[in-house]
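To start, the structure under review is shown below, and the notes come after it.
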Amino acid sequence: MGIHHKQQSGKKYILLIIGISVVVLVIVVGMLLSRMDIPVLMPKGIMARQERDLMFEALLLSGIVVVPVFTMLFLIAWKYRASNTKARYEPDWDRNTLLESIWWGIPCLIILILSVITWQSTHALDPYKPLTSSVKPIKIEVVSLDWKWLFIYPDQHIASVNLMQIPVNTPINLQLTSDAPMNSFWVPSLSGQIYTMSGMSTQLHLMGDTIGDYNGVSANISGVGFAGMKFVARVSSNSTFNSWVVASQHSKQKLGVDEYNTLARPSQNVPASQYALKQDDLYDTVLMKYMAPMQDNTMPGMEMN
Amino acid sequence: MFGRLSFDYLPHELVTVGGVAAGGVGILLGIAAMFYFKKWTWLWKEWMTSVDPKRIGVMYLVVAALMMLRGLADALMIRAQQATSVGSAHGIVSSDTFQQVFSAHGTIMIFFVAMGLIFGLMNLIVPMQIGARDVAFPFLNSMSFWLYVSGFVLINLSLAIGGFSGAGWLAYPPLSEMQYSPGPGVDYWIWSLQIAGIGSLLSGINFVVTILKMRAPGMTLMKMPIFIWSVLGSLSLIVFAFPILTATLSLLALDRTLGMHFFTANGGGDPMMYVNLIWAWGHPEVYILVLPAFGVFSEVVATFSGKRLFGYTSMVWAIWAIVFLSYSVWLHHFFTMGSGADVNTFFGIMTMIISIPTGVKMFNWIFTMYRGRVRFTVPMLWFMGFVVTFTLGGVAGVLMAIPPADFQFHNSLFLVAHFHTMIVGGVVFGMFAAFNYWFPKFTGFKLNERLGRYSFWCWLVGFLLAFVPLYILGFMGATRRLDHYDPSLGWQGLFIVAGLGVGVICLGVGFQLLQIGVSIWKRNENRDVTGDPWGGRTLEWMTTSPPPEYNYALIPTVTERDEFWALKQRPKKAASAPLEPIIVPNNTAAGVYIGAFAFLFGFGFIWHIVWLIIVGLIGVIYSVLVRLSEDTTEHEISVNEIKKTEAVAAAKRRKLA
Amino acid sequence: MSKHVDEMAIEISHEEVVNAKVTLGFWTYLMTDCVLFASLFATYAVLHGNTFGGPSGKDIFDLPYIFVETMILLVSSFTTGLAMIAARKNNKDQVLTWLIVTGLLGAAFLIMELTEFSHLISDGHSWTVSAFLSSYFTLVGTHGLHILTGLLWLTVLITKLFRQDITSTLMRRLTLFSMFWHFLDVIWVGIFTVVYLMGAL
């Protein structure tokens, strides 16, 4: 009976190893089958880089607890399995001040360190904190709509739908609102996300440090067209960016209040397009919609000029 | 006359129609079987009107199990959609249906599966473990159960008519407001949760009073089994958190039905208020779910190590640290809403602090095994699986507790993987361990060990297959709740693996169902006549298996922790106290009626049928008044009856021993 | 002889046990009701400034009127206390008197509140206008609903008292009612302060 039990436990651990190998194998195969692009771990923007480094710091610190937990779990489970009658059996041993101090104390210490890291990083990576750079920042006003993203460049007098083009190594000051349910502006390659809400304006500061096209999504469900609410964040050279701005300024499509009202109507999987901006304070107008009751028909909430 | 109810709201999509048809056939078969076997009276008298917590507990488990099947079906659909809806393919369901599927999945799993399992467990175990015969308020107990059933009926009815909410399991406004969700779906969500939530709150009050006022003589608080401490912690959270849910659901309902502006996009409404309120409830909720699971593991590890739980006092402190801290962390669910660095930092640090008592518990469990004699029965396997998964999920949680890191994880599949790891690895594994552990107590025979092992391994491997890819997908920038994506992203392979994982989990569920069936079929081989099949430590193992209606003929006197274990080591002389008649509450139909009228009330609100709302409300009030004015609510079990029951049990023991 | 005493002791302690359980249970329920009101207070605190172009508290609150309401409710709490004192003295008639007075006062409070509400609505200041008005009507209205429930409960108790003596069960239920009524009074003091005083000043 005892030997049978030992064989059973031995079989258990072999099974465990096989099981884990299978899992690992399947995952590796799965990943090989897909192209490996891991934006959060291979970022292309300075905010995302710092956020990733933070993750690794926290992971290492957590390891101080996790590694002993796993090691002790399996060692102790193995050594004190019932079939191992050689192991000491003390059914009433239930306390040890030293041990308890260690596993109350060390986690407290780790959390203390993590708390300092948290304080520092949360303030340093605050989405509202402007980036330090000698380059003049570009201001983009973002409006999440059903179900596309509108990017207004007030200083360049252009606007763009589902394409946010920015010059490389340039600080970008985003102001964001919504004219739709709550959304979340997220370009994982460049930076962390921020919620967009109607009637409220929030901020995000980011900077791309590698030229390329990066995926942008909304990370908060906003209705049936939510999955199609993708945009491209294009980090380009200065000259490419400037050409794009000029081309947009000469775009046949204009964006004023009337065009905006049409654009704001629900639509899905909208292709990227550029506009010449007819009204520089369009963003404020959108924001004001939610501040006071409807007053006329041109735009709900907009005062007659 | 019937509000906005109309045939237009019947389902059109094939998958939904199929689901409704399957459910309908199941219900009809069930009803047919009841007629065929002539079991209606038995069902009414022995189960539906029962106020015995042992019966109510089983009913909770049955309903929770049914809901788990539906939740798993939803999970399969989610995985199938996300594995196939790539590029020009659009998967198996429309976007609208997909959004209803994942909203239903989350809502059902949390409110009806997890809460149902927890309350089922509390009903079955708490009175016996504290040496009591019943809960403090037996009628309230029945009423709570039937309110839970009322919510269960509403949420399942939404499949057949009207459709469910597509706004996620927490229905954030403004998406959940009339402007963006004008149909009955969000109203189904509101009312099934509101009604079931009141049931939960009443149970919370009921069990708090039970634990505080009905313990066996001599059982001081520090002599209570650790499972009872865990439950008490969970109950404290229920009592102080569920009213917030009640309030918040009411405010959303007022917005939707009376045109108020709490959370609307205009009118000065503030959706951020909803987010704060719902998570002020929502975070304690997850601890409500996991604390009893921790309690189960404490009992299981101690019993199967043949050893006292390490650091009992520490464990108690850890429970209360978790309870208090859980009220100070809610903002970590929306670091990305823009509350500013100071606020985010505070909540981030509080969130990390809460990992300390949880870690302490892990070490205490491991060191309970140290210098023990550990038997790796099925419950212990679930424990081992729990430590592995929960620890990993906890690490993911620590990562997300740092606000800037969370900016990259929030609402991604990394988050989804994290909370599933905690809830499946923690709560579900705990409930499965509890089921295998306490099954023999209520049936008199053990569950088949081998099938239990197979189900465990399928669940563990399936879980890892299903959720490790999701952690990776989160790193790849995959946000949650997507019903379609581009092939160039390279996500599909991982989604396929995840789908396989859910398939393996379903195999595990299949083994569990088989385990139950085979165990019942072969119950004579697995009989336990002692009432104590595992070498238990706590009072419930003193009773026969199954226990008599009154649990204990004589309420035991407790002199130390793990009283039953101590009695076995040093048997005391049998108490010579005389038997006395036992007062036992009568069955009552009032709970069933209240549940039924509550259902009508909710249905009326959902479909804007004013007269039905009034009927439901008056019905509930009337039923309560009738019940409160009943003169005889209890009956006596005479000493002779007790003696007879005890004698029969003893004879059975001798016969089968 | 000793056996008879033992039986009585058992009966008394059964009653005591029930009392202890029910009282603790009801206190716990009051705590949950407190959390419910706290949520509504928090909501009011956050949203009371969101008038969306409509009126604010200053514009619509009539402090003298509310003061009268408050006094009515406070007195009704006092009369409930008098009823309880009479109950402990087993003076059924006095109990009935004070309970009926409490009921009338409570009804007066409710009528005044409903009148205030209907004036607001007819002036166009309904709950559909702004978040401020929504949260005002809901907080004050929820309290009013509790008062209404209390009055229904009181009616049942008074009816029972007409027909029978003060049994231990009835005494227990009267005690619970008085706890509930005092609790509602405390909540009203909160409302009076946070909503009306702070709003109008």
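In the text below, chain A, chain B and the rest are named by the order of the sequence lines, each starting its count at 1. Everything numeric here is computed off the predicted structure, so don't read it as measured data.
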Of the backbone (N, CA, C, O) and the side chain (C-beta and beyond), which part of A/M229 lies under 4.5 Å from a heavy atom of chain B, both, or neither?
-> neither
Note, A/Y195 side chain near B/M272 side chain (heavy atom, < 4.5 Å) = no
At a heavy-atom separation under 4.5 Å, does A/T122 approach chain B through its side chain, its backbone, both, or neither?
-> both
Could you give the distance from CZ (B/R481) to OG (A/S218), rounded to the nearest 0.5 Å?
-> 11.5 Å
Go through A/V187, A/I76, A/L125 and name the one with the most non-hydrogen pairs under 4.5 angstrom from chain B.
-> A/I76
Does any heavy atom of chain A fall under 4.5 Å from the side chain of B/F463, the backbone, both, or neither of them?
-> neither
Say whether B/N364 and A/W103, considering side chains only, have a donor N or O and an acceptor N or O under 3.5 Å apart.
-> yes
Tell me whether the centres of the aromatic rings in A/W147 and B/Y180 are closer together than 6.0 Å.
-> no
Quick one: what part of A/A77 sits under 4.5 Å from any heavy atom of chain B, side chain, backbone, both or neither?
-> both
Mind ranking A/M47, A/Q50, A/M200, A/K79 by heavy-atom pairs under 4.5 Å with chain B and telling me who comes out on top?
-> A/M200
Residues A/E51 and B/F407: closest non-hydrogen pair is OE2-CD1, 3.9 Å
Here the gap from A/M72 atom CE to B/I366 atom CD1, rounded to the nearest 0.5 Å, amounts to 5.5 Å
Considering only heavy atoms, which portion of A/S115 lies under 4.5 Å from any heavy atom of chain B: side chain, backbone, both, or neither?
-> both
Please look at A/N215 and chain B and tell me whether the side chain, the backbone, both or neither of the residue comes under 4.5 angstrom of a heavy atom of that chain.
-> side chain
For A/V40 and B/M476, run side-chain contact (heavy atoms from CB on, under 4.5 Å): C-alpha distance rounded to whole Å, both residues' side-chain angles, the deciding distance at 0.1 Å, then the answer.
-> CA-CA 6 Å; A/V40 173; B/M476 293 173 83; over 6 Å; no
Leading residue by heavy atom contact count with chain A [cutoff under 4.5 Å; candidates B/G311, B/P403, B/A405, B/G372] = B/G372
Answer with side chain, backbone, both or neither: which region of A/L99 has an atom nearer than 4.5 Å to a non-hydrogen atom of chain B?
-> side chain
What part of A/N96 gets closer than 4.5 Å to chain B, counting heavy atoms only: side chain, backbone, both or neither?
-> both
Tell me, out of B/L399, B/D486, B/N266, who's got the most heavy-atom pairs with chain A below 4.5 Å.
-> B/L399
Verdict with supporting geometry, A/R95 and B/F367, side-chain contact (heavy atoms from CB on, under 4.5 Å) = CA-CA 9 Å; A/R95 65 194 67 182; B/F367 276 81; over 6 Å; no
Side chain from CB out, backbone as N, CA, C, O: work out which of these in B/V388 comes under 4.5 Å of a heavy atom of chain A, or both, or neither.
-> both
When the ring centroid of A/W93 is compared with that of B/Y370, is the distance short of 6.0 Å?
-> yes
Check: A/D94 side chain, B/R308 main-chain N or O, donor-acceptor pair, under 3.5 Å = no
For chain A, which of B/D562, B/D406, B/I353, B/T391 has the most heavy-atom pairs under 4.5 Å?
-> B/T391
Would you mind telling me which of A/R52, A/K230, A/M55, A/M291 has the largest number of heavy-atom pairs within less than 4.5 Å of chain B?
-> A/M55
Among B/M380, B/M337, B/M362, residue most engaged with chain A (heavy-atom pairs, under 4.5 Å) | B/M337
Distance-only donor-acceptor check, side chains B/S314 and A/W104, under 3.5 Å | yes
With a 4.5 Å cut-off on heavy-atom pairs, point out which of A/I194, A/I102, A/T118, A/D126 contacts chain B the most.
-> A/T118
Is there a donor in the side chain of A/N220 and an acceptor in the side chain of B/H410, or the other way round, less than 3.5 Å apart?
-> no
Select one option (side chain, backbone, both, neither) describing which atoms of A/S191 are under 4.5 Å from chain B's heavy atoms.
-> backbone
Counting heavy-atom pairs under 4.5 Å with chain B, the top scorer among A/A219, A/P43, A/P181 is A/P181
What part of A/Y89 lies closer than 4.5 angstrom to a heavy atom of chain B: side chain, backbone, both or neither?
-> both
Non-hydrogen atoms of chain B under 4.5 Å away: do they reach the side chain of A/A124, the backbone, both or neither?
-> neither
State, yes or no, whether a side-chain contact exists between B/D342 and A/H123 at a heavy-atom distance under 4.5 Å.
-> yes
Is a side-chain donor or acceptor of B/R371 paired with a backbone partner of A/D92 at a separation under 3.5 angstrom?
-> no
Most contact-rich option vs chain B, by heavy-atom pairs under 4.5 angstrom, among A/A180, A/C108, A/P39, is A/P39
Toward chain B, the part of A/E100 with a non-hydrogen atom under 4.5 Å = side chain
Given that the side chain runs from C-beta out, which part of A/L73 has a heavy atom under 4.5 Å from chain B: side chain, backbone, both or neither?
-> both
Under 4.5 Å from a heavy atom of chain B, the part of A/M197 involved | side chain
Derivation of the side-chain contact (heavy atoms from CB on, under 4.5 Å) call for B/L175 and A/M182 = CA-CA 7 Å; B/L175 181 62; A/M182 209 185 277; over 6 Å; no
Can you name the closest pair of heavy atoms from A/P91 and B/G306 and give their distance?
-> CB-O, 3.5 Å
Mind checking whether B/S355 and A/I111 have side chains closer than 4.5 Å, heavy atoms only?
-> yes
Take A/V66 and B/V395 through the side-chain contact (heavy atoms from CB on, under 4.5 Å) test and state the conclusion after the steps.
-> CA-CA 8 Å; A/V66 172; B/V395 170; 3.1 Å; yes
With a 4.5 Å cut-off on heavy-atom pairs, point out which of B/G477, B/G340, B/S95, B/S94 contacts chain A the most.
-> B/G477
Hey, is the main chain of A/G223 close enough, under 3.5 Å, to the side chain of B/Q99 for a donor-acceptor pair?
-> yes
Using non-hydrogen atoms only, which part of B/S305 is less than 4.5 Å away from chain A: side chain, backbone, both, or neither?
-> backbone
Heaviest contributor of heavy-atom pairs below 4.5 Å to chain A, chosen from B/F335, B/F409, B/F346, is B/F409
CZ-OG distance between B/F334 and A/S184, expressed to the nearest 0.5 angstrom | 14.0 Å
State, yes or no, whether a side-chain contact exists between B/T479 and A/F226 at a heavy-atom distance under 4.5 Å.
-> yes
Measure from the side-chain N and O atoms of B/Q408 to the backbone N and O of A/P188, and report whether any donor-acceptor pair falls under 3.5 Å.
-> yes
